[in-house]
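Before any comments, here is the structure.
Numbering of ligands and ligand atoms starts at 1, following listing order.
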Amino acid sequence: MKQHIVDQLIADYPLYADQRLLELPDGWLGVVYDLFHDLYDLQLLSPIHADGAEPVKFVEVYWRQLQWPSHVLYVYPVLDAQHWTPEMSHRLVQAVSRFNEHAPRKCEVCGQPSASILKYQDGRRQQALCQKHLEERRWS
Ligand SMILES: [Zn+2]
């Protein structure tokens with residue numbers, strides 16, 4: 001992602017966004033926003049949550065780079081079990097699964113649904129792309 005996009009994510013979701021987002025494709029902005037929104041919503045379900053309280057970080061977020069898909073999301077809890085309910089655990093699993101399912105189906109450039117995966121002959125990482133960006137890349 002471009003620096004100004006990452007800066008905006010850090011401003012909006014300071015508990016979970018950081019400079020490591022620079023490694024993710026631009027087209028993943030929507031799914032990253034959804035993910036961070038889901039992670040902030042977790043605290044609303046917590047037994048320690050009070051209205052108007054400062055946001056609390058429940059998980060640490062990691063992106064593991066792969067050949068395909070581009071990156072996979074991992075999280076681990078940073079608050080001990082007494083802060084969690086079964087519903088929160090379930091919501092977290094849903095949020096992580098949704099991200100890992102949806103992100104690879106987005107065009108890595110624009111975020112539209114991907115049409116195909118472009119494999120490069122020169123060792124570059126393969127990319128999921130929409131029809132428009134697939135055609136642009138074929139000619140470059
Ligand atoms: Zn595209």
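Proximity of the aromatic rings of Tyr74 and Tyr62 is defined here by a centroid distance below 6.0 angstrom, and this criterion is not met.
Side-chain contact between Arg91 and Leu42 is present, with at least one heavy-atom pair separated by less than 4.5 Å. The side-chain heavy atoms of Pro77 and Phe58, taken from C-beta on, include no pair separated by under 4.5 Å.
No single ILVMFWY cluster, assembled from side-chain heavy atoms under 4.5 Å apart, contains both Leu92 and Val78.
The side-chain hydrogen bond (donor to acceptor under 3.5 Å, both in side chains) analysis of residues 18-29, with sequence neighbours excluded, yields the pairs Lys2-Asp26, Gln3-Gln19, Asp18-Arg20.
Below the 2.8 Å limit, the Zn ion (ligand 1) has as protein N, O or S neighbours Cys107 SG, Cys110 SG, Cys130 SG, His133 ND1.
In this structure, Arg98 pairs ionically with Asp38, as a charged nitrogen and a carboxylate oxygen lie closer than 4.0 Å.
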